[in-house]
Amino acid sequence: MQITCTINGKIHRFDCAPETRVLDLVRDAGMTSVKAGCGEGECGACSLFVNGRLVNACLLLAPQIHDAEIVTLEGLQEETAAIRESFAEHGAVQCGFCTPGFVLRAYDYLSHGGERSEEAIRAALDGNLCRCTGYKKIVEAITKVKS
């Protein structure tokens with residue numbers, strides 16, 4: 001089947017099976033910030049935006065993105081610069097595998113006027129897992145993102 005979509009502003013055409021995961025298509029297109037984590041939509045490592053909505057790419061199949069606009073962390077470098085800097089400043093990067101998903105989750109949360117309290121940020125991060133350590137530094141980094 002033929003799938004056409006826009007990824008980070010560029011049109012991509014894929015010839016793939018209908019059961020192909022969007023995660024695999026996007027990674028094959030070179031967007032390595034989208035990680036293959038749990039494969040069950042539990043960890044958020046494969047987070048990306050589809051038509052402006054943050055979703056887990058491991059749960060989507062190729063036909064679901066036909067004619068869609070996909071945005072990954074590679075496409076939001078300028079918009080997420082302050083978040084990424086805050087993660088680095090506060091030691092919230094750990095191994096880095098989950099970081100792109102957390103950065104996109106934080107960007108989505110903050111760009112929608114998310115409250116900067118610890119409790120609200122922890123609730124907003126529900127759906128993203130870090131297997132290295134706790135979430136203290138991640139929450140601290142998001143709390144202190146410069147506007």
Side-chain angles (χ1 to χ4, degrees), residues 1-114 116 121-133 135 137-147:
M1 95 180 302
Q2 298 283 323
I3 299 293
T4 301
C5 65
T6 302
I7 304 175
N8 299 330
K10 290 185 176 177
I11 295 173
H12 290 261
R13 290 180 178 81
F14 301 100
D15 186 14
C16 59
E19 65 271 14
T20 303
R21 297 183 308 174
V22 170
L23 165 66
D24 300 317
L25 287 179
V26 172
R27 285 190 59 84
D28 287 349
M31 307 310 142
T32 56
S33 70
V34 183
K35 308 291 188 199
C38 67
E40 299 175 348
E42 297 292 327
C43 74
C46 62
S47 296
L48 49 71
F49 288 95
V50 176
N51 294 331
R53 188 169 152 237
L54 190 62
V55 299
N56 292 323
C58 70
L59 298 178
L60 296 177
L61 298 178
Q64 294 175 283
I65 62 162
H66 185 63
D67 291 334
E69 183 178 334
I70 311 294
V71 179
T72 67
L73 186 58
E74 287 90 344
L76 292 169
Q77 290 298 293
E78 186 175 318
E79 296 86 345
T80 61
I83 296 169
R84 291 182 288 112
E85 287 170 18
S86 190
F87 269 58
E89 286 174 16
H90 295 91
V93 177
Q94 289 117 27
C95 83
F97 188 82
C98 66
T99 303
F102 274 104
V103 169
L104 287 184
R105 177 73 63 184
Y107 171 72
D108 188 49
Y109 177 70
L110 295 174
S111 65
H112 287 95
R116 292 191 189 216
I121 290 170
R122 285 186 182 274
L125 295 177
D126 191 29
N128 284 71
L129 297 176
C130 172
R131 292 177 174 91
C132 293
T133 185
Y135 298 84
K137 292 180 178 181
I138 294 170
V139 171
E140 184 178 310
I142 295 170
T143 303
K144 298 192 176 170
V145 170
K146 295 173 186 150
S147 333

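As the structure is a computational prediction, the values presented were derived from the model and not from experiment.
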Contact between Asn56 and Ser47 at the side-chain level, heavy atoms closer than 4.5 Å - yes or no?
yes
Just how far is it from atom CZ of Phe102 to atom CD1 of Ile138, taken to the nearest 0.5 Å?
4.0 Å
Heavy-atom nearest pair, Phe49 first then Leu54, reads CD2-N, 3.6 Å
Working to the nearest 0.5 angstrom, can you tell me the gap between Leu76 CG and Tyr107 OH?
5.5 Å
Hey, what do you get for CG (Asn8) to CD (Glu74), rounding to the nearest 0.5 Å?
6.5 Å
I need the minimum non-hydrogen distance between Gly44 and Asn128, along with the two atoms involved.
O-ND2, 3.7 Å
Do Lys35 and Cys43 come within less than 4.5 Å of each other through their side chains, counting heavy atoms only?
no
Verify side-chain contact (heavy atoms from CB on, under 4.5 Å) between Arg13 and Ile3, making sure each step is shown before the conclusion.
CA-CA 6 Å; Arg13 290 180 178 81; Ile3 299 293; over 6 Å; no
How far apart are the closest heavy atoms of Pro18 and Pro63, and which atoms are they?
O-CD, 3.2 Å
Would Val93 and Arg84 count as a side-chain contact (heavy atoms from CB on, under 4.5 Å) here? Give the steps.
CA-CA 9 Å; Val93 177; Arg84 291 182 288 112; over 6 Å; no
Where do Thr4 and Phe14 land on the side-chain contact (heavy atoms from CB on, under 4.5 Å) test, with the steps shown first?
CA-CA 6 Å; Thr4 301; Phe14 301 100; over 6 Å; no
Quick one: pull up CG in Asp126 and CG in Leu129 and give me the separation to the nearest 0.5 Å.
8.5 Å
Inspect the surroundings of CG in Asp15 and state if more than 12 heavy atoms from other residues, nucleotides or ligands are less than 6.0 Å away.
yes
Working to the nearest 0.5 Å, report the span between CD1 of Ile142 and OH of Tyr109.
9.0 Å
Heavy-atom closest pair, residues Cys130 and Gln94
SG-OE1, 3.2 Å
Taking all heavy atoms of Ser33 and all of Pro100, pick out the closest pair and write down the distance.
O-CB, 3.3 Å
I'd like to check Cys132 versus Phe97 (side-chain heavy atoms, cut-off strictly below 4.5 Å). Are they in contact?
no
Looking at every non-hydrogen atom in both residues, tell me the closest pair between Leu48 and Ala57 and how far apart they are.
CD2-CB, 3.7 Å
Trace of the side-chain contact (heavy atoms from CB on, under 4.5 Å) decision for Thr32 with Arg27:
CA-CA 5 Å; Thr32 56; Arg27 285 190 59 84; 4.1 Å; yes
For Ile83, is there any backbone N or O sitting under 3.5 Å from a side-chain donor or acceptor partner on Ser86?
no
When you compare the side chain of Arg116 with that of Val145, does any pair of heavy atoms fall below 4.5 Å?
yes
Between atom CG of Asp24 and atom CD of Glu19, what is the distance when rounded to the nearest 0.5 Å?
11.0 Å
Sidechain-backbone polar pair: Thr6 side chain, Glu69 backbone, donor-acceptor under 3.5 Å
no
